[in-house]
Amino acid sequence: MIKHALSGSNLYKQWNPGNRPGDIRGEEYVKFVETVKNALVDLKKQGYRPIIRAMVWQQGEADARDIAGMDQSRRYGPNLKNFIEQVRKEFGCEDMLFVYGTVMPLAAPRFTGRELVKEAQAAIDEGPSSELSVKNALLIPADDLQMRCNDYKTPMPKDDVYLGTYGILILGERFADAIYQKLK
């Protein structure tokens with residue numbers, strides 16, 4: 001397992017693969033590619049033959065935020081589809097399973113594009129066969145999971161955006177189960 005994350009990051013700029021006309025490769029995408037490539041080299045040095053089979057992704061809040069603008073929320077679907085396709089191309093794993101969770105179970109006033117991002121997430125899933133659907137992309141529901149604001153002894157009682165400890169653990173189990181069921 002290779003892990004790379006940045007809390008509160010956006011897809012439209014920070015994770016942008018920079019492969020479309022006018023796009024600039026995002027700083028976080030560059031770091032992500034470097035992290036994965038370095039890990040693959042290290043695994044090979046240890047005698048392994050790594051094969052990328054799946055990727056998990058939990059992101060979208062920053063693209064739904066009012067300061068991002070509604071245009072970024074509207075572009076989330078095409079941006080996520082492009083991201084998935086470029087990651088697969090970047091690492092030569094065209095059939096890689098892409099498993100991702102729904103964002104923001106609770107509506108928060110400062111996240112004006114929340115519904116647009118959630119609709120885009122649903123459209124990317126391989127199931128509905130929309131123009132944005134991506135083969136081997138699975139959306140995992142997270143709207144029923146515990147939030148930080150409901151977390152036991154939370155240091156962030158006003159955080160109505162992110163999942164709490166128990167919520168993250170359950171989401172991880174759902175990701176793992178989806179990967180196991182699809183790849184077994």
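Only heavy atoms go into these numbers, but all of them, side chains included; no hydrogens, no water, no symmetry mates.
In this structure, the side chains of Pro17 and Asn82 come closer than 4.5 Å at one or more pairs of heavy atoms. You'll find the side chain of Pro50 stays beyond 4.5 Å of the side chain of Ile2, heavy atoms only.
Without hydrogens or angle criteria, Ser133 side chain to Ile124 main chain gives no donor-acceptor distance under 3.5 Å. Judged by distance alone, with hydrogens and angles left aside, the side-chain atoms of Arg148 form no donor-acceptor pair with the main-chain N or O of Met156 at under 3.5 Å.
To the nearest 0.5 angstrom, Ile140 atom CD1 is 9.0 Å from Thr102 atom OG1. Within the model, atoms CE of Met96 and CZ of Arg88 stand 5.5 Å from one another, a figure rounded to the nearest 0.5 Å. Rounded to the nearest 0.5 angstrom, Ile51 CD1 and Cys93 SG are separated by 11.0 Å. Remark: Leu132 CG to Asn79 CG distance equals 10.5 Å, nearest 0.5 Å. One distance of note links CG of Asn150 with OG1 of Thr165; it measures 12.0 Å at 0.5 Å rounding. Taking CG of Leu80 as the reference point, atom CD of Glu85 lies at 10.0 Å (rounded to 0.5 Å).
If you chain together hydrophobic residues whose side chains sit under 4.5 Å apart, Val134 and Phe91 fall into the same group. No continuous path of ILVMFWY side-chain contacts below 4.5 Å connects Ile170 to Val103, so the two sit in separate hydrophobic clusters. When the side chains of ILVMFWY residues are joined at heavy-atom separations under 4.5 Å, either directly or via intervening members, Leu106 and Val161 end up in two distinct hydrophobic clusters. By the rule that hydrophobic residues join a cluster once side-chain heavy atoms approach within less than 4.5 Å of another member, Phe111 and Tyr76 end up as members of one cluster. Residues Val99 and Ile52 do not share a hydrophobic cluster, clusters being chains of Ile/Leu/Val/Met/Phe/Trp/Tyr side chains in contact below 4.5 Å.
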What side-chain donor-acceptor pairs closer than 3.5 Å can you find for residues 36-46, not counting sequence neighbours?
from: Asn38; atom 1: ND2; to: Glu34; atom 2: O; distance (Å): 3.3
from: Gln46; atom 1: NE2; to: Asp42; atom 2: O; distance (Å): 3.4

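With respect to Tyr29, the side-chain hydrogen bond (donor to acceptor under 3.5 Å, both in side chains) criterion is satisfied by exactly one of Glu90, Gln14, Lys13, Gln86: Glu90. Partner Glu28 forms a side-chain contact (heavy atoms from CB on, under 4.5 Å) with one of Asn16, Asn10, Leu6 and no other, that one being Leu6.
The stretch residues 49-71 participates, sequence neighbours left out, in these salt bridge (Lys or Arg N to Asp or Glu O under 4.0 Å) pairs: Asp71-Arg74. Among residues at least two apart or in separate chains, salt bridge (Lys or Arg N to Asp or Glu O under 4.0 Å) pairs with a member in residues 111-122 are Lys118-Asp143. For residues 165-178, every residue pair satisfying the salt bridge (Lys or Arg N to Asp or Glu O under 4.0 Å) rule, not counting sequence neighbours, is listed here: Asp144-Arg174. Sequence neighbours left out, the pairs with a member in residues 2-21 that pass ring pair (Phe, Tyr, Trp, His ring centres under 6.0 Å) are His4-Trp15, Trp15-Phe32, Trp15-Trp57.
Applying the 4.5 Å side-chain rule to ILVMFWY residues, one finds Leu116 in the same cluster as Met70. The hydrophobic cluster of Leu169 has no other members, since no ILVMFWY side-chain heavy atom comes under 4.5 Å of it.
Scanning both residues, Val117 and Ala64, for their nearest heavy atoms gives CG2-CB, 3.8 Å. Nearest heavy-atom pair, Gly8 versus Ala62, reported as atom, atom and distance to 0.1 Å: O-CB, 3.6 Å. Of all heavy-atom pairs between Ala68 and Gln72, the closest is O-CG, 3.3 Å. In this structure, Ser73 and Gly113 approach most closely via the heavy-atom pair OG-CA, 3.3 Å. When all heavy atoms of Ser130 and Ala123 are compared, the closest pair comes out as OG-O, 2.8 Å. Across every non-hydrogen atom of Leu11 and Gln59, the tightest pair is N-NE2, 3.2 Å.
Contacts of Glu126 classified as side-chain hydrogen bond (donor to acceptor under 3.5 Å, both in side chains), with partners at least two apart in sequence or in another chain: Lys182. Among residues two or more places apart in sequence or in another chain, the side-chain hydrogen bond (donor to acceptor under 3.5 Å, both in side chains) test is passed with Lys81 by none. Legend: residues meeting ring-ring contact (aromatic ring centres under 6.0 Å, His included) with Tyr100, ordered by chain and number and at least two apart, are Phe98. Qualifying side-chain hydrogen bond (donor to acceptor under 3.5 Å, both in side chains) partners for Lys89, counting only residues two or more places apart in sequence or in other chains: none. Qualifying side-chain hydrogen bond (donor to acceptor under 3.5 Å, both in side chains) partners for Gln146, counting only residues two or more places apart in sequence or in other chains: Asp151.
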Q) Yes or no on side chain to side chain contact (heavy atoms under 4.5 Å, CB included) for Tyr162 and Ile168, after CA distance, side-chain angles and deciding distance? A) CA-CA 9 Å; Tyr162 297 106; Ile168 289 290; over 6 Å; no
Q.
Test side chain to side chain contact (heavy atoms under 4.5 Å, CB included) on Asn19 and Arg25; report intermediate values, then the result.
A. CA-CA 7 Å; Asn19 62 321; Arg25 189 167 265 214; 5.7 Å; no
Q: Before giving the answer on side chain to side chain contact (heavy atoms under 4.5 Å, CB included), spell out for Val56 and Ile179 the whole-Å C-alpha distance, their side-chain angles and the decisive distance to 0.1 Å.
A: CA-CA 9 Å; Val56 297; Ile179 292 169; 3.8 Å; yes
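Counting heavy atoms of neighbouring residues, nucleotides and ligands inside a 6.0 Å radius, atom CG of Leu183 exceeds 12 of them.
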